[in-house]
Amino acid sequence: MDAQYRPEIIEPEAQQHWEDTQSFRATEDASRPKYYCLSMFPYPSGKLHMGHVRNYTIGDVLARYHRMKGYNVLQPMGWDAFGLPAENAALANDVAPAGWTYANIDYMRGQLKRLGLAVDWSRELATCAPNYYRWEQWLFTRLFERGLIYKKMATVNWDPVDRTVLANEQVIEGRGWRSGALVEKRDIPMYFFRITAYADELLSELDNLPGWPERVKTMQRNWIGKSFGVEIHFPLRKFSGSEVLKVFTTRADTLFGVTYVAVAAEHPLATQAAATRPELAAFIGACKQGSVAEADMATMEKKGMDTGLVVYHPLTNEPVPVFVANYVLMGYGEGAVMAVPAHDERDFAFAGKYGLPIRPVVRPVDAEPGLPLTAAYVEPGILFDSGDFSGRTSQDAIEKIALVLQNLALGKKRTTYRLRDWGISRQRYWGCPIPIVHCSRCGDVTVPEDQLPVVLPLDVKIDIGSPIKKMPSFYETTCPTCGGPAERETDTMDTFVESSWYYARYTCPDNDTAMLDERANYWLPVDQYIGGIEHAILHLLYARFFHKLMRDVDLPSRSPGSPKIDLAPTGGRSDQKSELGVKLSTSEPFTHLLTQGMVIADTYYRDLGEGRKQWINPAEVEEREGITVLKADGQPVIVGGTEKMSKSKNNGVDPQSLIDQYGADTARLFMMFAAPPEQSLEWSDAGVEGANRFLRRLWKMVYEHVEAPSPSPWLGEKELPAQLRDFRRQLHQAIAKVSDDIERRRQFNTAIAANMELMNALSRLEGEDAPTRALKQEALEAIVLMLSPIVPHICGSLIAALRPGANLTDAAWPLVDESALLRDEIELMLQVNGKLRGKIRVAVEASSATIEQAALASPDVQKFMEGRPVRKVVVVPGRLINVVV
RNA sequence: GCCCGGGUGGUGAAACUGGUAGACACAAGGGACUUAAAAUCCCUCUCCAGCAAUGGAAUACGGGUUCGAUUCCCGUCCCGGGCACCA
């Protein structure tokens, strides 16, 4: 054994060994429990950043731990390879998106391998490859035919100068990021996944996911936003229900407090009124300025204008003015809301601004309404000034009002969802082409299966706008139905579509005749999914939706003449079924979810004017005399917030130099030790030295142990002396703790700390006699095995030194010896009035009464009782005694 | 603005189910070894008072529940994530 810890030698050797022996190749095996461990695949942005190191180390620790526990482990890796940054890079550097993407994949694959992940690389996939997105297009055609995809108009950000659609991210302070032009809203046709058809199931099945963090389930519940309310119709003419304005409200009890209704700028009533009133038309035009992002809509100044139109209250027939308001969204609900300033904060503010009446109709259950209202009273309560409904509770009134409205045919109870259908059309190039042909005679026709995939042309010149929209060789085609001239759809799909089913494709990435085969139902669901908390809603909801689609929609491939593939491990069964593909047999994709906290770093930028910023990497700045400056020119930079490491803010820290200098094990150890996985982590490389020092110490300890002359082996014939018994108890307590930390608590920092403590105790153990050596051997083996999921390279070398001939890849996790945990005395804390005053040692089996007596007799307690009588004694078994005086 | 988290020494953090606040590290200071340096090893290290024994205070801030609160409840401030076209 080498006396020195040399990661630069042992790490490449270990990685080469894993590759040569295909150590992490996963095959279906019915005889062992399976464990599918998946980390969210990376976008190939160019280089790994610290968030990746954190994510993939967590996944690798769990995968390796379960392998040691005897599971058949699958841990795959791939690339979320379509997306906007490739187009941005193409514009900036004049390279084709495909070339840029594949070059990044090659570089980052090397970096991932250098991290030493126990990944089955034979299953690697990239979503931009036709053999992947082909099946996405294929599923699209099936869903389209079944009505689960449909087309409708939707609002996008439009840059009037660049004449292009902008992502929300590309709109900065209301202006296009490149042109600086004021952004407008524009309606265009788009394809939508009917995710709302699954809203109820997506909501209710959250209750069947005990392995998900509560906060993620809460976020998804709120996002789906199921609410029970009443649809209310306001007649456009007095005493006539033939033409109505529909609104939806969860607060029908406040109906008598309505003092106006507000409609969206695009609402037909607004359009109608604007025809004769130029100032209103101008206002509606102004409403169309700005981005479509909800955060922008919600924070902008609430503005409105009277249309001059009135509708009539469905119960009182009083006229109610109709306003156009910029905060009402056409795409949500009916595009109109009833406004009750007395009982809604937003309406209260709006009414104050435009001098609209405020009419309170609900008071607190146990108080008079504090009139006049100084703020909206938004809680439920008791109705007043509400006709026949006065005196009823809010809950009761909602029911009765709904019933009366229903009898008048002016309303009905309705359940609504905040969740909207998922618009997936993108007016971009670098994405999966939507497999639709537009025919002037047949309408929208899906591309037949034998013509799939619709391949995205790669040899393109990128400037502003999608090149395939200007490429007749791509879009000119014939109609699959009538054979006449037709045009291909040139929009591509949202990249969230690819990431919604990749986890399933990993189970059978080599199948070129079907989207999925039996192997999917062997491996799925994913047992452990690991990824950033930023994906808590969108990605995870879409993936859950897709899993249900793949469960419900028939997936067989009927390509004539497609070659049969043999899935049976024994090679015996190659009937027709194996060629057909399978439906998924489960309803949820991810059994356990670990949401990693973000790795965040400071951001720095320089203002380029018109809202444009040049983001500067933290590595390029330094502090000089208290001012943050760019190293290159010494001029100051602006310090932005601390945000998640991202390409767009250029605040990612490249782990490569860390790995080059200290090795992958140090990087992995340091990352796991810095904070628990779910907590966000502000990046700082202070402490890397300490992690490296620990590994050197571990190496040295094993080296000194195995190189020491060995006395005759101890066979455990005598009882250990007390000191060794104490140490052995500590050892087995540590094994129990580390197992629990990794398996249940998912807290690796404390698992590492427990091993550090154990090593500190071990280094204090003197002597080279047979029992001491045997115990040292036992402890070192346990420590090396317990650390091996975190630092696999060094532990591979160390276990081979400790157990000649042993190999880490088939080593088992150490077992707790329960008999070593027994002890006969414990220490209890003594409190007087809740303050710590001393401690006593008592026998393990001592009764509460004995303990109480011992505590009261203790001088530490006596001193602080100051002669006062005992009011109460609280004995917490195994912990403490609190004397209350 | 709305939804979801978080806030503990100089720093990263620990305290798992309401029961010893600061484990384990980093940094810093002191010492040993060395011709010297690096490496390594040992010691100190929340704040205040005190020579010390010890006492008091302290888990963002203000309140509450409890014998006992970092932990539960209410309010405030600050930081992070998401808000449907970044991924």
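- Look at the C1' atom in both U20(B) and C4(B): the space between them is 34 Å, to the nearest Å.
- Note on residues 493-503 of chain A: pairs passing salt bridge (charged side-chain N to carboxylate O under 4.0 Å, His left out), not counting sequence neighbours, are Arg426(A)-Asp494(A).
- Formation of a donor-acceptor pair under 3.5 Å by the Arg544(A) side chain with backbone atoms of Leu202(A) is found in this model.
- Aromatic ring centres of Trp501(A) and Tyr132(A) lie closer together than 6.0 Å.
- Between Met598(A) atom CE and C86(B) atom C1' the separation is 13 Å, expressed in whole Å.
- To the nearest 0.5 Å, atom CD1 of residue Ile195(A) and atom CZ of residue Phe546(A) are 9.5 Å apart.
- Taking the side chain of Thr495(A) as heavy atoms from C-beta on, and the options C67(B), G1(B), A87(B), the nearest nucleotide is A87(B).
- Counting any heavy atom pair closer than 4.0 Å across all strands shown, Gln427(A) reaches a base atom.
- Ranking C4(B), G55(B), C83(B) by closeness to the Arg837(A) side chain, first place goes to G55(B).
- At least one donor-acceptor pair under 3.5 Å links the side chain of Thr750(A) to the backbone N or O of Gln747(A).
- Take the nearest nucleotide of RNA chain B for Gly687(A) and for Lys835(A): the residue whose nucleotide is more 5' is Gly687(A).
- Lys302(A) places a side-chain N or O within donor-acceptor distance of the main-chain N or O of Met300(A), the cut-off being under 3.5 Å.
- Among the atoms of the strands shown, only primed sugar atoms or phosphate atoms (P, OP1, OP2) are found under 4.0 Å from some heavy atom of Glu643(A).
- Residue Val216(A) is out of contact with every strand shown, counting any heavy-atom pair closer than 4.0 Å.
- Residue Arg696(A) has a polar side-chain atom (N or O) positioned under 4.0 Å from OP1 or OP2 of U40(B).
- Taking the side chain of Arg879(A) as heavy atoms from C-beta on, and the options C86(B), G19(B), C3(B), the nearest nucleotide is G19(B).
- Of the two residues near RNA chain B, Met829(A) and Ala293(A), the one whose nearest nucleotide lies more 5' is Met829(A).
- Only the P atoms considered, C67(B) is 32 Å distant from C77(B), to the nearest whole Å.
- Distance check on atom P: U65(B) versus C74(B) gives 15 Å, rounded to whole Å.
- Side-chain nitrogen and oxygen atoms of Asn749(A) include at least one within less than 4.0 Å of the OP1 or OP2 phosphate oxygen of A14(B).
- Spacing between atom CG of Asn55(A) and atom P of A87(B) amounts to 17 Å, rounded to whole angstrom units.
- Contacts of Gly423(A) with the nucleic acid, taken as non-hydrogen atoms under 4.0 Å apart, involve only primed sugar atoms and P, OP1 or OP2.
- Remark: side-chain polar atoms of Asp162(A) are not paired, donor with acceptor, to backbone N or O of Thr164(A) under 3.5 angstrom.
- Within 4.0 Å (heavy atoms only), Ala754(A) reaches no atom of the nucleic acid at all.
- Remark: aromatic rings of Phe41(A) and Tyr503(A) are distant, center separation not under 6.0 Å.
- For Glu345(A), the CD atom is loosely surrounded, since the number of other residues' heavy atoms within 6.0 Å does not exceed 12.
- Nucleotides A14(B) and G68(B) have their P atoms positioned 28 Å apart, rounded to a whole Å.
- The stretch residues 740-748 of chain A touches RNA chain B through Asp740(A), Arg744(A), Arg745(A), Gln747(A), each having a heavy atom within less than 4.0 Å of the strand.
- Side-chain atoms of Trp699(A) come within 3.5 Å of backbone N or O of Gln4(A) as a donor-acceptor pair.
- The distance from atom CG of Asn692(A) to atom C1' of C26(B) is 14 Å, rounded to the nearest whole Å.
- For the C1' atom pair drawn from G6(B) and U71(B), the interatomic distance equals 14 Å after rounding to whole Å.
- Nearest nucleotide to the side chain of Phe673(A), out of G19(B), A84(B), G12(B): G12(B).
- If you check C26(B), A87(B), C67(B) against the side chain of Glu534(A), the one that comes closest is A87(B).
- Of the candidates A84(B), A14(B), A25(B), A25(B) carries the atom nearest the Asn760(A) side chain, counting heavy atoms from C-beta on.
- If you check G1(B), G12(B), U20(B) against the side chain of Ala674(A), the one that comes closest is G12(B).
- Between the side chain of Arg868(A) and the backbone N or O of Met865(A) there is at least one donor-acceptor pair closer than 3.5 Å.
- Here Val165(A) lies in heavy-atom contact (under 4.0 Å) with a base.
- The separation between Arg418(A) atom CZ and A84(B) atom P is 9 Å, rounded to whole Å.
- Among the protein residues, Met671(A) comes within range of no part of the nucleic acid, since none of its heavy atoms lies under 4.0 Å from any strand.
- Electrostatic pairing of Lys649(A) and Glu169(A) does not count as a salt bridge here, judged by no charged N lying under 4.0 Å from a carboxylate O.
- One interatomic measurement links the two molecules: NZ of Lys217(A) to C1' of C4(B), which rounds to 15 Å at whole-angstrom precision.
- G55(B) has its base anti relative to the sugar, with a glycosidic angle deviating from 0 by more than 90°.
- Atom pair Trp212(A):CH2 and G5(B):P shows a separation of 16 Å (rounding to whole Å applied).
- Contacts of Trp223(A) with the nucleic acid, taken as non-hydrogen atoms under 4.0 Å apart, include base atoms.
- For Asn882(A) against C67(B), a side-chain-to-base donor-acceptor contact under 3.5 Å is present.
- Out of C24(B), A87(B), A84(B), the shortest distance to the side chain of Lys644(A) is found at A87(B).
- With C1' as the reference atom, C78(B) and C26(B) are 26 Å apart, rounded to whole Å.
- A donor-acceptor contact shorter than 3.5 Å is absent between the side chain of Asp602(A) and the backbone of Pro618(A).
- In RNA chain B, runs of at least 3 stacked Watson-Crick or G-U pairs (N1-N3 plus N6-O4 or O6-N4, or N1-O2 plus O6-N3, all under 3.5 Å) give these stems: B:1-7 with B:77-83, B:10-12 with B:24-26, B:28-32 with B:40-44, B:46-49 with B:54-57, B:60-64 with B:72-76.
- Summarising the geometry, the separation between CE on Met219(A) and C1' on C83(B) is reported as 12 Å, rounded to the nearest angstrom.
- Base engagement by Arg426(A) is indicated by at least one non-hydrogen atom pair under 4.0 Å involving a base atom.
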